[in-house]
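Small disclaimer: the values here were computed from a predicted structure and weren't measured. Values below: all heavy atoms of this structure, side chains included; hydrogens, waters and symmetry mates excluded.
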Amino acid sequence: MTPNLTCPHCGTRNPPGSNFCNRCGAALSTDLEPPALDPAAPLEGLSDADAFETIEGRGDPRTADHEIERARDDAFADEWFDDEEPVLENVLFPDEQLVGAGYLESVAIAGEGPGAGAGAGTGAGEAVPNFARAAAGDGDHWRVIRTILREEPQLAGAASAPASNLPNLRPLWIVILVLLAAVLPFVGNLEPPPEGPAAAPVATGPAPVVAAPVRAAWEAIDSLSLDEAVLVLWQYDPATAGELDLPALPVISHMLERDLRSQMITLLPTGLASARRLYAEAVRGLDESAMKTVTSGWIGTGVYLTGGATALPLVASQAATLFSSAPVQPANPRLVVIVAARTDDVRQWLEIVQPVDRLPVVAVTTAAADPTLLPYVQSGQLAGLVSGFDGAAAYQSLRDEPLSTTAQRRQALVTQAQNWGALSLIVIALVANLARVFWRERRG
Amino acid sequence: MADAAASFAPLLSNLELWVGLVITLFTFSLVLGDNALARLALHLVVGASLGYATLMAFHYVVNLRIFIPLSAGQSARLAAPLILAGVLLAAGGERIFSQGRTDTRDGHGRRTLQVAGVVPLAILIGVGLAAGVAGLVQGTLVAQARAVVTETFAAGRVGAPLWSGVMTLLLTTATLLALTLDRRIHVEPLPRPLRDLLQVWLWVGERALWIVSGVLLARLFAARLPLLVDRIDAVLLAYQTSGVRAWIEQWVQTWQG
């Protein structure tokens, strides 16, 4: 039977005499079709070609493309480079269509390069000398060719990742571990809290350690006189409210207690709505004596600036004019408080605005932004930093006024969850390293 | 009718939470593959966000910074910005609406509009870049370098501060080198002692990058996990305290007869 040289799988035209496609390894001749395999059969003990067919036949979504590609490559290499039946020999020399076709192209690109093996050429291009020597029975070159064909095609000069024989960390295990870490904080903690706006602090273990940047933030706000103005850059929206509500709440509550006037600026369309919601929540958490004074703390109107960071030079040079339409003419601010979900929002302020207005800056951010902002604390550009739920708990411990019972419970829960997250990461790192060590030992 | 409305009161009291939960579940169903519910959720979220952003832009920019000043007779001050904005809108609109049209006559008016549109665009990009680059130099590069040098080599610095400063300098420079130098192109042609020194420096920089990536990822994970826990808690709490639990139990009892 005359084989069809156009691959039915990928459409590649193959040289005469080909039994398998040069590009994808699919069988070109129906005479060579293997017997049907049981898709449910285990892969152990099967040849690479049979394993490939089995994986493909399962239609299992867990068998990712990588696995199929690998099995396909192995099947292709086994069939083509079987030491007892060198099929390649039949197609290497008959004509010159071979070079640059399919998988053999990778030999020309990523092999020993142009000029390798010069002098043994056959007129079939630069890659052929390798094959010629291989076909002549050079065992080392067979191994080189097999290795090259088993890898993904690489461009010359491109960095190639070292081949790893380590076991893959199954996504299923990662999902299970994360879900476990998410569920564990609820064990014994499902009862709703008693009603009440504020109560004595809920016992949540030892008092949080107050880091120096958090204490500095508290002191920067607490040192302001009553009724002084604070410029607030509000850079988070509902999408990141879950991460920033808790860290921002004690800081804003503290500002309201001190009756500081907030001059609100945001570069996000939904920023002002988020700010109003959190200020309202902070007011609800304060007792009545404080509420008599907080009415002047929120100036009632903020400013949304379009243009992102491009608008910041305007803030630096003409901050007062931004609030010209406010019902109460704002005083000159003494402090800047940045409540931001991203490091960039804080950094851009420190780079563009602070060198001009020279005002001290306190940042309230997520835990993820913390490591990249600490250098600015050390350089003195940030007067204080409150980050993450642990930073919020530390800031709250410095205040005289307790949070509401609900807020306290929420803070305890997320702090516990953060600890679980850190613990699960340690477990993942430990297990992965142990697996690496023992896997190496097992492989000798 | 009133009884039926009253029976849904527990659900209505926390409507935003339940709607949010349903939309979250719809979006999460993308894990199982593309489907109509996930698309509906995405359309709702994107549409609502864009609608709100448009409203805010109109209120705070178009109304507050254009209409009100114009009505107050400040047209002279706004002339240049308005002209530039108009040109940019016209040029951008022309590019948008000409897409896909078979009529591609390149008339004089169209070319003029395209050239004129470059002016406000250049101002926008130029100002943004200038502010960003100048800020980067004055707010990060110079300030951070000065802080590190001052901290490290201040008079009387010994022990931990000196060690910390030296490590900061070493790791910073090593990381910069690792990000900019290519071993094969830049390092290997160099004479032996310099090549070995750079190899070690690059080795340190690469390890520093690995460790920093790990720390950032770990901090990110530790920050996102509480977020998931917090959301689950909010739903469970609302389920217990808003009367939804009692409402469901009542419906189950009614259904069971």
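In this structure, chain B has heavy atoms under 4.5 Å from both the backbone and the side chain of A/Tyr304. Contact annotation for A/Pro375: both backbone and side-chain heavy atoms come within less than 4.5 Å of a heavy atom of chain B. For A/Leu268, no part lies under 4.5 angstrom from a heavy atom of chain B. Using a 4.5 Å cut-off between heavy atoms, B/Val61 touches chain A through its side chain atoms alone. If you measure heavy-atom distances from A/Thr366 to chain B, you find no contacts under 4.5 Å at all. With a threshold of 4.5 angstrom between heavy atoms, A/Asp237 does not approach chain B through any atom at all. In this structure, chain A has a heavy atom under 4.5 Å from the side chain of B/Arg65, while its backbone stays farther away.
Of all the listed residues (B/Gly214, B/Ala143, B/Gly135), the one sharing the greatest number of non-hydrogen pairs under 4.5 Å with chain A is B/Gly135. Contact count versus chain A (heavy atoms, under 4.5 Å) is highest, among B/Thr54, B/Val127, B/Leu136, for B/Leu136. Counting heavy-atom pairs under 4.5 Å between each of B/Val45, B/Thr140, B/Leu124 and chain A puts B/Thr140 at the top.
Residues B/Gln144 and A/Gln381 bring a donor and an acceptor atom of their side chains to less than 3.5 Å of each other.
Side-chain N or O atoms of B/Gln138 include one that pairs as donor or acceptor with a backbone N or O of A/Glu351 at under 3.5 Å.
The OG1 atom of A/Thr310 lies 10.0 Å from the CD1 atom of B/Ile125; values are rounded to the nearest 0.5 Å. Here the CE-OG1 distance, from B/Met56 to A/Thr266, works out to 8.0 Å after rounding to the nearest 0.5 Å.
Taking every heavy atom of both residues into account, A/Ala273 and B/Tyr52 meet most closely at CB-OH, 3.5 Å.
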Kindly determine whether A/Thr306 and B/Tyr60 satisfy side chain to side chain contact (heavy atoms under 4.5 Å, CB included), including the steps that lead there. CA-CA 9 Å; A/Thr306 53; B/Tyr60 282 99; over 6 Å; no
